[in-house]
Amino acid sequence: MRLVIARCSVDYAGRLTAHLPSAPRLILVKADGSVSIHADDRAYKPLNWMSPPCTLKEGDDDVWTVVNKAGEKLIITMEEVLHDSSHELGVDPGLIKDGVEAHLQELLADRIETLGDGWTLIRREYPTAIGPVDILCRDAHGTTVAVEIKRRGEIDGVEQLTRYLELLNRDPHLAPVKGIFAAQEIKPQARVLATDRSIGCVVLDYDALRGIEDDKLRLF
(Lines give C-alpha, C1' and ligand atoms only; values in the text may rest on other atoms or scores of the structure.)
Protein backbone atom coordinates (compact mmCIF):
# COMPACT_ATOMS: atom_id res chain seq x y z
CA MET A 1 0.00 0.00 0.00
CA ARG A 2 1.22 3.49 -0.86
CA LEU A 3 0.33 6.41 1.43
CA VAL A 4 0.62 9.93 0.05
CA ILE A 5 -0.30 13.07 1.97
CA ALA A 6 -0.41 16.04 -0.37
CA ARG A 7 -2.05 19.35 -1.07
CA CYS A 8 -3.98 18.60 -4.22
CA SER A 9 -7.11 19.15 -6.24
CA VAL A 10 -9.13 16.28 -7.69
CA ASP A 11 -11.37 16.08 -10.74
CA TYR A 12 -13.59 13.15 -11.73
CA ALA A 13 -14.76 12.76 -15.33
CA GLY A 14 -17.19 9.98 -16.20
CA ARG A 15 -20.95 9.58 -16.24
CA LEU A 16 -20.94 12.82 -14.25
CA THR A 17 -18.26 15.28 -13.15
CA ALA A 18 -17.04 16.28 -9.70
CA HIS A 19 -14.37 18.63 -8.41
CA LEU A 20 -12.50 18.76 -5.11
CA PRO A 21 -10.72 22.12 -4.66
CA SER A 22 -7.17 22.36 -3.38
CA ALA A 23 -6.66 21.06 0.18
CA PRO A 24 -4.37 18.69 2.12
CA ARG A 25 -5.57 15.10 1.62
CA LEU A 26 -4.54 11.48 2.09
CA ILE A 27 -4.26 9.39 -1.09
CA LEU A 28 -4.28 5.59 -0.77
CA VAL A 29 -2.97 3.44 -3.62
CA LYS A 30 -3.65 -0.22 -2.83
CA ALA A 31 -2.10 -3.37 -4.24
CA ASP A 32 -5.38 -4.24 -6.00
CA GLY A 33 -4.99 -1.05 -8.08
CA SER A 34 -7.65 1.01 -6.34
CA VAL A 35 -7.02 4.69 -5.61
CA SER A 36 -8.97 6.65 -2.99
CA ILE A 37 -8.77 10.21 -1.67
CA HIS A 38 -9.52 10.91 1.99
CA ALA A 39 -10.10 13.94 4.22
CA ASP A 40 -9.63 14.05 7.99
CA ASP A 41 -13.32 14.33 8.88
CA ARG A 42 -15.26 11.51 7.14
CA ALA A 43 -14.35 8.38 9.12
CA TYR A 44 -13.35 5.65 6.65
CA LYS A 45 -15.33 6.94 3.65
CA PRO A 46 -13.28 8.49 0.82
CA LEU A 47 -14.09 11.80 -0.84
CA ASN A 48 -13.60 10.15 -4.21
CA TRP A 49 -12.14 6.89 -5.46
CA MET A 50 -11.54 4.61 -8.43
CA SER A 51 -12.20 0.91 -8.01
CA PRO A 52 -10.09 -1.78 -9.70
CA PRO A 53 -9.34 -2.67 -12.37
CA CYS A 54 -7.77 0.69 -13.19
CA THR A 55 -4.40 2.15 -14.17
CA LEU A 56 -2.46 4.99 -12.57
CA LYS A 57 -0.14 7.23 -14.60
CA GLU A 58 2.01 9.82 -12.82
CA GLY A 59 2.81 12.62 -15.25
CA ASP A 60 5.92 14.80 -15.29
CA ASP A 61 3.67 17.79 -14.57
CA ASP A 62 2.72 16.39 -11.12
CA VAL A 63 -0.66 15.27 -12.41
CA TRP A 64 -1.87 11.76 -11.62
CA THR A 65 -4.41 10.25 -14.00
CA VAL A 66 -6.36 7.16 -12.91
CA VAL A 67 -8.46 5.46 -15.62
CA ASN A 68 -10.80 2.50 -15.20
CA LYS A 69 -11.97 0.01 -17.83
CA ALA A 70 -15.02 2.17 -18.60
CA GLY A 71 -12.79 5.12 -19.51
CA GLU A 72 -13.74 7.16 -16.44
CA LYS A 73 -10.91 9.32 -15.11
CA LEU A 74 -9.78 10.56 -11.71
CA ILE A 75 -7.31 13.41 -12.19
CA ILE A 76 -5.24 14.40 -9.16
CA THR A 77 -3.23 17.60 -9.48
CA MET A 78 -0.40 17.63 -6.93
CA GLU A 79 0.66 20.99 -5.54
CA GLU A 80 2.81 19.90 -2.59
CA VAL A 81 3.69 16.38 -1.43
CA LEU A 82 4.07 16.23 2.35
CA HIS A 83 4.58 12.48 2.72
CA ASP A 84 5.04 9.52 0.36
CA SER A 85 5.68 5.99 1.63
CA SER A 86 4.97 2.41 0.56
CA HIS A 87 4.31 -0.58 2.82
CA GLU A 88 3.93 -4.30 2.03
CA LEU A 89 0.96 -5.57 4.05
CA GLY A 90 0.87 -9.11 2.65
CA VAL A 91 -2.24 -11.27 2.32
CA ASP A 92 -4.92 -10.29 4.79
CA PRO A 93 -6.48 -13.19 6.74
CA GLY A 94 -9.92 -11.65 6.24
CA LEU A 95 -12.66 -10.52 8.56
CA ILE A 96 -13.80 -12.91 11.27
CA LYS A 97 -17.57 -12.92 10.93
CA ASP A 98 -19.92 -12.54 13.85
CA GLY A 99 -22.14 -15.43 14.86
CA VAL A 100 -25.21 -14.38 12.88
CA GLU A 101 -23.29 -13.69 9.67
CA ALA A 102 -21.40 -16.98 9.89
CA HIS A 103 -24.64 -18.84 10.59
CA LEU A 104 -26.35 -17.16 7.61
CA GLN A 105 -23.55 -18.45 5.40
CA GLU A 106 -23.90 -21.97 6.80
CA LEU A 107 -27.69 -21.99 6.45
CA LEU A 108 -27.70 -20.65 2.90
CA ALA A 109 -25.01 -23.13 1.83
CA ASP A 110 -27.09 -25.98 3.25
CA ARG A 111 -30.21 -24.69 1.48
CA ILE A 112 -28.67 -23.23 -1.67
CA GLU A 113 -31.74 -24.22 -3.67
CA THR A 114 -33.60 -21.36 -1.99
CA LEU A 115 -31.76 -19.06 -4.41
CA GLY A 116 -33.47 -20.90 -7.24
CA ASP A 117 -34.51 -24.32 -8.47
CA GLY A 118 -31.59 -26.36 -9.75
CA TRP A 119 -28.91 -24.32 -7.94
CA THR A 120 -25.98 -26.35 -6.56
CA LEU A 121 -23.21 -25.59 -4.09
CA ILE A 122 -19.56 -25.69 -5.18
CA ARG A 123 -18.14 -24.84 -1.75
CA ARG A 124 -18.22 -22.39 1.15
CA GLU A 125 -15.25 -20.08 1.79
CA TYR A 126 -13.90 -20.47 -1.75
CA PRO A 127 -10.29 -19.19 -1.60
CA THR A 128 -8.96 -16.28 -3.67
CA ALA A 129 -5.75 -14.27 -3.47
CA ILE A 130 -7.54 -11.52 -1.50
CA GLY A 131 -9.63 -13.69 0.80
CA PRO A 132 -12.37 -16.32 0.68
CA VAL A 133 -15.69 -15.88 -1.13
CA ASP A 134 -18.52 -16.76 1.23
CA ILE A 135 -20.28 -19.14 -1.17
CA LEU A 136 -19.48 -20.29 -4.69
CA CYS A 137 -22.30 -22.10 -6.45
CA ARG A 138 -23.91 -22.73 -9.86
CA ASP A 139 -27.35 -21.70 -11.03
CA ALA A 140 -29.75 -23.90 -12.98
CA HIS A 141 -27.97 -23.03 -16.24
CA GLY A 142 -24.57 -24.05 -14.88
CA THR A 143 -23.28 -20.48 -14.54
CA THR A 144 -20.89 -19.90 -11.65
CA VAL A 145 -22.22 -17.52 -8.98
CA ALA A 146 -20.26 -15.89 -6.15
CA VAL A 147 -22.36 -14.98 -3.10
CA GLU A 148 -21.15 -12.43 -0.54
CA ILE A 149 -23.14 -12.51 2.72
CA LYS A 150 -23.48 -9.66 5.21
CA ARG A 151 -25.78 -9.08 8.13
CA ARG A 152 -26.09 -5.46 6.99
CA GLY A 153 -25.42 -4.77 3.33
CA GLU A 154 -23.52 -1.55 2.62
CA ILE A 155 -21.40 -0.16 -0.21
CA ASP A 156 -18.15 -1.65 1.09
CA GLY A 157 -19.67 -5.15 0.83
CA VAL A 158 -20.51 -4.54 -2.84
CA GLU A 159 -16.96 -3.30 -3.42
CA GLN A 160 -15.61 -6.45 -1.76
CA LEU A 161 -17.73 -8.69 -3.99
CA THR A 162 -16.65 -6.67 -7.07
CA ARG A 163 -13.01 -7.43 -6.28
CA TYR A 164 -13.78 -11.14 -5.86
CA LEU A 165 -15.61 -11.22 -9.20
CA GLU A 166 -12.70 -9.54 -10.96
CA LEU A 167 -10.37 -12.31 -9.76
CA LEU A 168 -12.77 -15.20 -10.29
CA ASN A 169 -13.52 -14.16 -13.86
CA ARG A 170 -9.83 -14.54 -14.70
CA ASP A 171 -10.18 -18.30 -14.10
CA PRO A 172 -11.27 -19.94 -17.37
CA HIS A 173 -12.64 -22.92 -15.43
CA LEU A 174 -15.11 -20.66 -13.59
CA ALA A 175 -15.82 -17.75 -15.95
CA PRO A 176 -18.22 -16.22 -16.52
CA VAL A 177 -18.94 -15.62 -12.83
CA LYS A 178 -21.99 -13.65 -11.69
CA GLY A 179 -22.40 -12.07 -8.26
CA ILE A 180 -25.12 -12.02 -5.61
CA PHE A 181 -24.99 -9.66 -2.62
CA ALA A 182 -27.02 -11.17 0.23
CA ALA A 183 -27.85 -9.54 3.56
CA GLN A 184 -30.60 -9.22 6.13
CA GLU A 185 -30.82 -5.54 5.23
CA ILE A 186 -29.42 -3.85 2.11
CA LYS A 187 -28.91 -0.10 2.14
CA PRO A 188 -30.35 1.80 -0.86
CA GLN A 189 -26.91 3.09 -1.91
CA ALA A 190 -25.51 -0.44 -1.87
CA ARG A 191 -28.43 -1.70 -3.97
CA VAL A 192 -27.88 1.06 -6.55
CA LEU A 193 -24.17 0.26 -6.81
CA ALA A 194 -24.83 -3.49 -7.05
CA THR A 195 -27.39 -2.96 -9.81
CA ASP A 196 -24.95 -0.73 -11.70
CA ARG A 197 -22.42 -3.56 -11.61
CA SER A 198 -24.94 -6.25 -12.63
CA ILE A 199 -24.81 -7.83 -9.17
CA GLY A 200 -28.04 -9.36 -7.87
CA CYS A 201 -29.35 -8.49 -4.41
CA VAL A 202 -31.02 -10.94 -2.02
CA VAL A 203 -32.65 -10.03 1.28
CA LEU A 204 -32.12 -12.86 3.74
CA ASP A 205 -34.66 -13.80 6.40
CA TYR A 206 -32.68 -15.40 9.21
CA ASP A 207 -35.68 -17.07 10.85
CA ALA A 208 -36.97 -18.35 7.52
CA LEU A 209 -33.60 -19.93 6.71
CA ARG A 210 -33.74 -21.62 10.11
CA GLY A 211 -37.15 -23.01 9.16
CA ILE A 212 -39.09 -20.94 11.67
CA GLU A 213 -41.09 -19.06 9.03
CA ASP A 214 -41.69 -19.24 5.29
CA ASP A 215 -38.43 -20.29 3.67
CA LYS A 216 -38.56 -18.16 0.54
CA LEU A 217 -35.94 -15.49 -0.11
CA ARG A 218 -36.88 -12.22 -1.71
CA LEU A 219 -34.75 -11.86 -4.84
CA PHE A 220 -34.56 -8.43 -6.48
Side-chain angles (χ1 to χ4, degrees), residues 30-34 36 44-46 49-54 68-69 91-116 119-171 173-210 215-220:
K30 294 187 178 181
D32 63 3
S34 64
S36 56
Y44 64 90
K45 294 185 177 180
W49 68 94
M50 192 69 79
S51 300
C54 57
N68 66 12
K69 63 181 180 181
V91 178
D92 192 89
L95 180 69
I96 298 174
K97 300 178 184 296
D98 65 35
V100 171
E101 195 170 305
H103 198 205
L104 281 169
Q105 181 194 121
E106 180 182 354
L107 289 168
L108 187 57
D110 288 342
R111 305 175 65 184
I112 198 68
E113 71 281 354
T114 56
L115 290 175
W119 285 53
T120 56
L121 177 69
I122 296 175
R123 67 168 289 178
R124 290 173 54 195
E125 301 288 338
Y126 187 89
T128 76
I130 58 173
V133 178
D134 286 338
I135 291 177
L136 197 68
C137 56
R138 286 193 174 91
D139 65 17
H141 303 289
T143 301
T144 309
V145 183
V147 183
E148 180 63 24
I149 298 172
K150 301 292 183 186
R151 183 171 62 176
R152 184 172 177 174
E154 302 192 53
I155 284 178
D156 56 351
V158 179
E159 295 283 7
Q160 182 180 358
L161 179 54
T162 300
R163 294 192 291 271
Y164 287 146
L165 290 171
E166 169 63 23
L167 286 175
L168 293 169
N169 272 301
R170 296 178 189 175
D171 187 338
H173 299 292
L174 298 175
V177 184
K178 299 190 301 185
I180 286 183
F181 187 53
Q184 288 180 284
E185 174 192 3
I186 299 178
K187 294 295 185 179
Q189 300 93 330
R191 189 182 295 278
V192 169
L193 182 61
T195 300
D196 182 67
R197 296 181 177 179
S198 300
I199 293 172
C201 290
V202 172
V203 175
L204 299 174
D205 187 322
Y206 184 55
D207 288 335
L209 281 173
R210 294 166 62 202
D215 65 353
K216 293 181 180 178
L217 295 174
R218 297 189 296 276
L219 178 60
F220 299 92

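Between S34 and M50 there is no side-chain heavy-atom pair separated by less than 4.5 Å. At least one side-chain heavy atom of R163 sits under 4.5 Å from a side-chain heavy atom of D32. Residues Q189 and R191 have side chains not in contact (no heavy-atom distance under 4.5 Å, counting atoms from C-beta outward). Side-chain contact check for I122 versus R138: some heavy-atom pair is nearer than 4.5 Å. Contact of the I135 side chain with the L121 side chain is registered, since non-hydrogen atoms from C-beta on lie closer than 4.5 Å. Counting heavy atoms from C-beta on, the side chains of L174 and L136 come closer than 4.5 Å. Inter-residue side-chain proximity for V202 and L108 is flagged as unmet; no heavy-atom pair is nearer than 4.5 Å. Using a 4.5 Å heavy-atom cutoff, the side chains of D134 and E125 are in contact.
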**Message:** The test is side-chain contact (heavy atoms from CB on, under 4.5 Å); show your working for K178 and D139 and say whether it passes.
**Reply:** CA-CA 10 Å; K178 299 190 301 185; D139 65 17; 3.1 Å; yes
**Message:** Using side-chain contact (heavy atoms from CB on, under 4.5 Å), reason through R151 and E185 one step at a time and then give a plain yes or no.
**Reply:** CA-CA 7 Å; R151 183 171 62 176; E185 174 192 3; over 6 Å; no
**Request:** List the steps, then state whether side-chain contact (heavy atoms from CB on, under 4.5 Å) holds for L168 with Y126.
**Result:** CA-CA 10 Å; L168 293 169; Y126 187 89; 3.8 Å; yes
**Item:** Pair V147-C137, side-chain contact (heavy atoms from CB on, under 4.5 Å): steps then yes or no
**Value:** CA-CA 8 Å; V147 183; C137 56; 4.0 Å; yes
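Across all non-hydrogen atoms, the minimal contact from N68 to C54 is CA-CB, 3.8 Å. In plain terms, the two heavy atoms of G153 and A190 that are nearest each other are O-CB, 3.8 Å. Nearest approach of L167 to A129, heavy atoms of both residues: CD1-N, 4.3 Å.
Applying the side chain to side chain donor-acceptor pair (under 3.5 Å) rule to T162 yields the partners R197; only residues at least two apart in sequence or on another chain are considered. Residues meeting the side chain to side chain donor-acceptor pair (under 3.5 Å) test with R123, sequence neighbours left out: none. Among residues two or more places apart in sequence or in another chain, the side chain to side chain donor-acceptor pair (under 3.5 Å) test is passed with R124 by Q105.
The CG atom of L161 sits 11.0 Å away from the CD1 atom of I149 when rounded to the nearest 0.5 Å. Between the CD1 atom in I180 and the CG atom in L115 there is a gap of 5.0 Å [rounded to 0.5 Å]. Note that CG of L104 and CG of D205 are 9.5 Å apart. Values are rounded to the nearest 0.5 Å. Between K30 atom NZ and I130 atom CD1 the span is 10.5 Å, to the nearest 0.5 Å. With rounding to the nearest 0.5 Å, the separation of OG in S36 from NZ in K45 is 14.0 Å. Rounding to the nearest 0.5 Å gives a distance of 7.0 Å between CZ of F181 and CD of E148.
No donor-acceptor pair under 3.5 Å is formed between the side chain of N169 and the backbone N or O of P176. Counting only distance, with no hydrogens or angles, the side chain of Y164 and the backbone of P132 share a donor-acceptor pair below 3.5 Å.
Judged by distance alone, the side chains of Q160 and K150 do bring a donor and an acceptor atom under 3.5 Å apart.
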